[in-house]
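Quick caveat, the model's predicted, so the values are computed rather than measured. Chain letters run A, B, ... following the sequence lines, proteins first and then strands; every chain starts at 1.
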Protein chains: 2
Amino acid sequence: MEAAEKQFRKRNAILDCLRQTHAHPSAEMVHALLQPSHPDISLATVYRNLAWFKSRGMIQSLGTVNGVERFDADTQPHVHFVCTGCHAVLDLPQVEIPASLGTSAEEASGCRVRGCQLTFTGLCGSCANS
Amino acid sequence: MEAAEKQFRKRNAILDCLRQTHAHPSAEMVHALLQPSHPDISLATVYRNLAWFKSRGMIQSLGTVNGVERFDADTQPHVHFVCTGCHAVLDLPQVEIPASLGTSAEEASGCRVRGCQLTFTGLCGSCANS
DNA sequence: AAGAAAATAAGAATTATTCTCATTTTATTT
DNA sequence: AAATAAAATGAGAATAATTCTTATTTTCTT
């Protein structure tokens, strides 16, 4: 195996895993998702690398849902829906965040706005029916 | 002292405290704020009652900032700014959330939308200058 | 006033996350 | 390619926010 292929094998597996799911997983969920293909990646390494990617702006944190931090490989501002029943997190790509809100926020606060999160909460389809 | 005045003295003190601050405090911050006037309120009681108020929709949680849950007595949807430097949370009453976003979210998700949070992040004035 | 129900204090228990350090892997230099 | 330096990892200990347990106190109902 070439050197280039070996570089950061585990780190890349973690980022790839996050990029390939739409579940907005927690560290534990990433670890579980990787288990079949990479059973040798420890939970500490998942935590460490998620923090590493986050500090470099390569992924974003959605904050905690039910006390657990959730991550998203999509760093573009976009809208989420969090189900308060099953704690699923969905993207709502159909909902657009008006650009005016950001500038409005900056003017209103006198602060330097770097990021924005718009999250709706409620019950998802299956939780509403049970 | 009349019975009416004694009812839920501690519980009410906790809600009043949250209503009288704009700091969007954590449980520990509420406990500290209450210390001078109510040194006999334990931290467990603060946690318990914040959860009690929250479960009844009397207050809302803003989620966690720097790993600590923050609370707000204002349950109306409104916009927040979170400073990533000092972890202060500010209201941005000047920024309006378009009502269309909520309906748009409900249509897009097929879910029952119950709440909405719009949060901007960045550096507050004093953190930007240091 | 007596009994039932609810709230509380204190600290133990829980749990997500971070940290430590010895080891392994990867990169750099010779 | 060998030697050395730097970075990453595993395993489990440590941390810290939050929740839980239980005995006690306070409040409510009768």
For [X] and [N], what is the distance between atoms [atom1] and [atom2] respectively, to the nearest whole Å?
X	N	atom1	atom2	result
B/Lys10	C/dA6	NZ	P	19 Å
A/Leu34	D/dT9	CG	C1'	14 Å
B/Ile14	C/dA7	CD1	P	12 Å
B/Asn66	D/dT18	CG	P	11 Å
A/Glu69	C/dT18	CD	C1'	12 Å
B/Arg70	D/dT18	CZ	C1'	16 Å
B/Arg9	C/dA7	CZ	C1'	12 Å

Are any non-hydrogen side-chain atoms of [X] and [Y] less than 4.5 angstrom apart?
X	Y	value
A/Leu15	A/Ile59	yes
B/Val79	A/Ser104	no
A/Met29	A/Arg70	yes

Worked verdict on B/Asp72 versus B/Asp91 for side-chain contact (heavy atoms from CB on, under 4.5 Å): CA-CA 10 Å; B/Asp72 193 339; B/Asp91 285 318; 4.0 Å; yes
Going by ring-ring contact (aromatic ring centres under 6.0 Å, His included), name the pairs with one or both residues in residues 60-109 of chain B, residues two or more places apart or in two chains. B/His24-B/His80, B/His78-B/His80
Taking only side-chain nitrogens and oxygens of B/Arg11, does any of them come within less than 4.0 Å of OP1 or OP2 of C/dA7? yes
Near-strand residues of residues 41-51 of chain B, defined as heavy-atom separation under 4.0 angstrom from DNA chain D: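 Output list: B/Ala44, B/Tyr47.
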Sorted by number, the residues of residues 16-33 of chain B with heavy-atom contact under 4.0 Å to DNA chain D: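 Listed by number, they are B/Glu28.
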Verify side-chain contact (heavy atoms from CB on, under 4.5 Å) between A/Tyr47 and A/His31, making sure each step is shown before the conclusion. CA-CA 9 Å; A/Tyr47 271 106; A/His31 183 249; over 6 Å; no
B/Met58 and B/Ile14: same hydrophobic cluster, using ILVMFWY side-chain contacts below 4.5 Å?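 As far as the 4.5 Å side-chain criterion goes, B/Ile14 and B/Met58 are connected within one cluster.
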So for atom CD, which belongs to A/Glu96, do other residues, nucleotides or ligands contribute more than 12 heavy atoms lying within a distance under 6.0 Å?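 Counting neighbours around CD of A/Glu96, 12 or fewer heavy atoms of other residues, nucleotides or ligands fall under 6.0 Å, so no.
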Expected output: side-chain B/Thr21 to main-chain B/Leu18 donor-acceptor under 3.5 Å: no
